Structure formats: structure tokens, C-alpha cells
Novice: 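Sharing a structure with you now.
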Amino acid sequence: MLRRTVREFASRYVAPLAKRIDAENWYPRELVRDMGKMGILTPNIPEDLGGAGLDLLGVSVVLEEIARYSGSASLIPEVQGTLVAHVIAKYGGRRIVEEVVPKLASGEAIGSFALSEPCCGSDAANIETTIERQGGEWVVKGTKMWTTQGLYADYFLVFGRIGDRSERHRNIAAVLIKRGSCIKVNPIEVVGFRGTGTAEVIIDGCRAGDNDLISPPPMGFKAAMDALNVGRVAISALGIGLAEAAFEEAYSFLTQRVAFGKPVIEFQGIQFRLAELYTMIESGRSMVYRAAELHTKGYEDFPVAAAATKLHVARISVEVAGEALRLMGGYGYSRESNVERIYRDAKLLEIGEGTNEVQMLVISKHIYRKGAKWLI
Ligand SMILES: Cc1cc2nc3c(=O)[nH]c(=O)nc-3n(C[C@H](O)[C@H](O)[C@H](O)COP(=O)(O)OP(=O)(O)OC[C@H]3O[C@@H](n4cnc5c(N)ncnc54)[C@H](O)[C@@H]3O)c2cc1C
């Protein structure tokens, strides 16, 4: 039912915009409001705050279905819901939650998750942004990189440190900053997920009250990692949607394209390759749905399941999209095809919300600590 509803919405409202979002690097502001009206802009947020109240399995279905039509359109609720609104709703005080989360849920406001910096992405505990106490307020200074929705955000969930950098993760806090004259944003041209407002964000002495300090140390870094663990499953669901779309494009092309007197799909070499790609997609989907279930059950090793899922799905979505492109011959390689866009989008899965190596760090730490202990 959820899947059907979102698929209908996405085929009606997302599909017609997908090419423009990518080609013109165009942020679909009205679509964001439409997703808000449907409750799927922050699908994980409780209904009384304007979300859809879905568990991670439901969120995964939403993101997978939107991504079948546009990766960029799916990244917007992924960031707005599972990263930004998630942290504010879970760690923020009641006043700030009631003030900000419904605006993020409805699409009245745009939120961004500002953790990565020019110095540090994988080594997030080494960030340089400072949060200092001055005259009863918090003063925030620093530069953030790669911030999705940064160009258009009304609220920036900024991670910075209160005190010395040598403390690493121990003194990191999350603070919510409203867009104002203390913020400057510079666009960053990226190859995929275009139209999502990727930006460098310069924070020059923004002031925040105690209410805006969403998660003080030592919980600030934990809040970031909590969001990223959930986000890794969510972005994997998005990756599965991309892979499914690429597979379907290739399948449809191969049934129509004739070579050596018959449709190309009738060659067994092609059928076997499709069988392999199909199996890869099903393996990734199973991991996403199982990781989501482990999250809902509060399983303690959920972060390991999330990391393994993200690592696997990053690899298979890139391989499926690349193979779909190749199987479609010259057309697949042309700017007219959808698979070239899907391939560019899929490549981000190997980098965003933790590179493949970072997922391997999480998994190998688990093996080192617990030995050959399986997840369930
Ligand atoms: C389109 C896009 C959108 C993004 N959106 C956001 C966002 O909204 N918010 C946000 O905070 N960030 C965002 N990011 C940033 C993203 O999370 C980082 O790019 C990512 O974490 C990698 O960090 P980095 O680019 O600094 O690479 P680095 O950390 O410098 O890594 C460079 C290379 O070194 C490898 N490496 C690093 N450490 C190790 C190690 N210990 N062992 C082995 N290899 C290692 C990495 O795997 C990588 O291959 C976005 C990035 C992109 C491209």
C-alpha cells in the first residue's frame, strides 16, 4: 500500500522533473512542498510533528520508490528527514522541536546537515568548527563542505566543538543555526545528485541560544553518528531504487533492440548477465530491509548491519548502473538516456555518508572486538 502510494506520487510528480533537475542543476522547491503535503519529506518523523511516522523499513520503501524516478528527489527527504529532522526531534529540547520540525516536515523550511569540512570528511572527529560561549550566547565559526541543500537551507544543523581540537569526538556539539547574514554559501558543481544545492557553507560568527544547542558534548558526535547509521540504510534504499531503474531501462531497451535478426534479449549471454544483475539487486534489497528491521528491533549491532549494507549496496548499484549503461550500447552512453544520470548518481553511494573504506573500518572494528560473530 505504502509502496503503491509513493510510486503513484513519484511517477506523477517526480518523473516529469527528473531530467530538468539534473540538466539544469535545478532545485525542485515546489516538489519539496508537495512531498511535505504527502508527509514523505520527513517520513521518519512522528505524525503529530507532520511526518509519516514510519519505521526505517517504511522510510526505505519511500526513498527506494522516489529514487526509481530521480536520485536527487530522493536525496532531499533522505537528508531533510533521516539526518536533520531526526537529530532535532531526538536530541533537541521540546521548544525547538515544536518550532522547527513541523516546518521541515511540511517543506516550509529547508534543513541541511553540516558535518564535513575542507579538512575532514572521513575523520569527522577532527573537525575545526568552533562553538564558543560569549555573553550568554553560543558563537559559531567555521567552514563546512559538500553540504546538501546548503544553497537553499533555512536551518543549518552544524557540528562544531566547544574547546580544544585534541579532544576529538568528546567535545563535539550539534547546534542549529538559522540562515542570516553570518552565513555565506558557495555552490559546488557535482557530477551526480545535481539540483540538491550542494554547497560550501561559511559560518562567520553566527549566534545561537541555549535552546539551539541541540546536542551538547559528549552527545554531539553520538547524534551525528546515530543519524549517519540510520542514513546509511536510507541512502542504500535510494541506491536500490537507482539500480532497479537502471535494470528496467536496460531490460526495456534489450527487448526492443534487434541485432543479428532477433531482439538482443534473446541471446543467452545477455540473459545471464541480466540474471546476475537481478541477483545483485535482490541481495542489496534484502540487506536494506533486514538492516531496517534490526534498527526497529533496537538491535545493538545495528551500526555494523548499516555499514555492511551501505558497502554492498554502493558496490552493486554502481555495477548495475554501469552494466545497464554498457548493455544499452551507444544509446546508454548518450546524454539522452536515463542510465547515464543514474550511473553518475550511484557513484555518490561510494562516498557520501561514509566512503567504502569508512564502512570497512566500522565492520573490521566489530570483527576485531567480537570475533567471527554473525549479526543475528
Ligand atoms: C554530493 C555530496 C553530498 C554530500 N552531502 C553532505 C552533507 O549533506 N553533509 C555533510 O556533512 N557531508 C556531505 N558530503 C560529504 C561526504 O560525507 C564526504 O565527502 C565523505 O565523508 C568523504 O570525506 P572527504 O570527501 O573529506 O574524503 P576524505 O575523508 O579526505 O577521504 C579521501 C579518501 O581517503 C580514504 N580514507 C580516509 N580515511 C581512511 C582510512 N582510515 N583508511 C582507508 N582509507 C581512508 C577515503 O575512503 C577516500 O577514498 C557530501 C559529499 C558529496 C560528494
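Every value quoted in this text rests on a predicted model; they were computed, and no experiment measured them. One-based numbering, in listed order, for ligands and for the atoms of each.
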Novice: Heavy atoms only: which of Cys119, Ser116, Gly192, Gly121 is nearest to atom 10 (C) of ligand 1?
Specialist: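 The option holding the nearest heavy atom is Ser116.
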Novice: Out of Thr148, Leu228, Ile127, Thr196, who gets a non-hydrogen atom closest to atom 8 (O) of ligand 1?
Specialist: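 Result: the heavy atom closest to atom 8 (O) of ligand 1 is in Thr148.
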Novice: Does the distance from a Lys or Arg side-chain N to an Asp or Glu carboxylate O, for Arg194 and Asp345, drop under 4.0 Å?
Specialist: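 Here Arg194 does not pair with Asp345 in a salt bridge, since their nearest N and O are not under 4.0 Å apart.
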Novice: Would you check whether Ser122 has a nitrogen or oxygen atom less than 3.5 angstrom from a nitrogen or oxygen atom of ligand 1?
Specialist: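 Yes, since at least one N or O of Ser122 sits under 3.5 Å from an N or O of ligand 1.
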Novice: Can a donor-acceptor pair be found between the side chains of Glu249 and Asn338 at a distance below 3.5 Å?
Specialist: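 Judged by distance alone, the side chains do pair up.
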Novice: By number and element, which atoms of ligand 1 are closer than 4.0 Å to a non-hydrogen atom of Leu115?
Specialist: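 So the answer, numbered in order with elements, is 11 (O).
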Novice: How would you list, by chain and number, every residue that makes a side-chain hydrogen bond (donor to acceptor under 3.5 Å, both in side chains) with Arg335, sequence neighbours excluded?
Specialist: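 side-chain hydrogen bond (donor to acceptor under 3.5 Å, both in side chains) list for Arg335, sorted by chain: Glu340.
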Novice: Where do Lys310 and Ile235 land on the side chain to side chain contact (heavy atoms under 4.5 Å, CB included) test, with the steps shown first?
Specialist: CA-CA 8 Å; Lys310 165 81 159 48; Ile235 202 167; 3.7 Å; yes
Novice: Considering the options Leu238, Thr148, Ile21, which one meets the side-chain contact (heavy atoms from CB on, under 4.5 Å) requirement together with Phe193?
Specialist: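 It is Leu238; the other options fail the test.
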Novice: Using 30° and 60° as the class limits, which term best fits the ring planes of Tyr251 and Phe247: parallel, tilted or perpendicular?
Specialist: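 Rings of Tyr251 and Phe247: parallel, as their planes differ by under 30°.
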Novice: Can you list the atoms of ligand 1 that are under 4.0 Å from a heavy atom of Leu348?
Specialist: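 The list of qualifying atoms is 1 (C), 2 (C), 52 (C), 53 (C).
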Novice: Let's go through Phe113 and Phe159 carefully: what are the C-alpha distance in whole Å and the side-chain angles of both, what is the deciding distance for ring pair (Phe, Tyr, Trp, His ring centres under 6.0 Å) to 0.1 Å, and is it a yes or a no?
Specialist: CA-CA 8 Å; Phe113 183 87; Phe159 294 86; 5.0 Å; yes
Novice: Judged by modelled atom types alone, do Thr355 and Glu350 share a side-chain donor-acceptor pair under 3.5 Å?
Specialist: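 No.
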Novice: Can you pull out the closest protein heavy atom to atom 39 (C) of ligand 1? Residue, atom name and distance to 0.1 Å, please.
Specialist: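 The closest heavy atom on the protein side is Glu357 CB, 4.8 Å.
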Novice: Can you sort out which atoms of ligand 1 are near Phe113, meaning under 4.0 Å from one of its heavy atoms?
Specialist: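 So the answer, numbered in order with elements, is 7 (C), 8 (O), 9 (N), 10 (C), 11 (O).
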Novice: For Ile351, counting its heavy atoms only, list the atoms of ligand 1 lying under 4.0 Å from any of them.
Specialist: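 In order of number, 19 (O), 20 (C), 21 (O).
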Novice: Strictly under 4.0 Å, does any heavy atom of Val79 approach an atom of ligand 1?
Specialist: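 False for this residue.
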Novice: Relative to the heavy atoms of Glu353, which atoms of ligand 1 are at a distance of less than 4.0 Å?
Specialist: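 This gives 17 (O) as the contact atoms.
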Novice: What atoms in ligand 1 come closer than 4.0 Å to a heavy atom of Leu361?
Specialist: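 Those qualifying, in numeric order: 41 (N).
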Novice: Under 4.0 Å from atom 50 (C) of ligand 1, is there at least one protein heavy atom?
Specialist: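 For atom 50 (C) of ligand 1 the answer is yes, since some protein heavy atom falls inside 4.0 Å.
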Novice: Less than 4.0 Å from atom 22 (C) of ligand 1, is there any heavy atom belonging to the protein?
Specialist: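 Under the 4.0 Å cut-off, atom 22 (C) of ligand 1 does have protein heavy-atom neighbours.
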Novice: To check your reading of the model: name the closest protein heavy atom to atom 14 (N) of ligand 1, its residue, and the distance in Å.
Specialist: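 Residue, atom and distance for the closest contact: Trp146 CB, 3.4 Å.
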Novice: Could Lys262 and Phe267 be counted as a cation-pi pair, given that NZ or CZ must be under 6.0 Å from the ring centre and within 45° of the axis?
Specialist: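 Judged by the rule, Lys262 and Phe267 form a cation-pi pair.
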Novice: May I ask whether atom 28 (P) of ligand 1 is less than 4.0 Å from at least one protein heavy atom?
Specialist: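 Under the 4.0 Å cut-off, atom 28 (P) of ligand 1 does have protein heavy-atom neighbours.
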Novice: Establish, for the pair Arg133 and Trp138, whether the NZ or CZ atom is under 6.0 angstrom from the six-membered ring centre and no further than 45 degrees off its axis.
Specialist: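 The answer is yes; both the distance and angle limits are met.
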Novice: Would you mind running through ligand 1 and noting each atom that sits below 4.0 Å from a heavy atom of Thr355?
Specialist: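 Under 4.0 Å from Thr355, ligand 1 has these atoms: 22 (C), 46 (C), 47 (O).
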Novice: Determine, counting only non-hydrogen atoms of the protein, whether one lies under 4.0 angstrom from atom 34 (O) of ligand 1.
Specialist: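 No.
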Novice: Ion pair present between Lys297 and Asp55, side-chain N to carboxylate O less than 4.0 angstrom?
Specialist: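 Here Lys297 does not pair with Asp55 in a salt bridge, since their nearest N and O are not under 4.0 Å apart.
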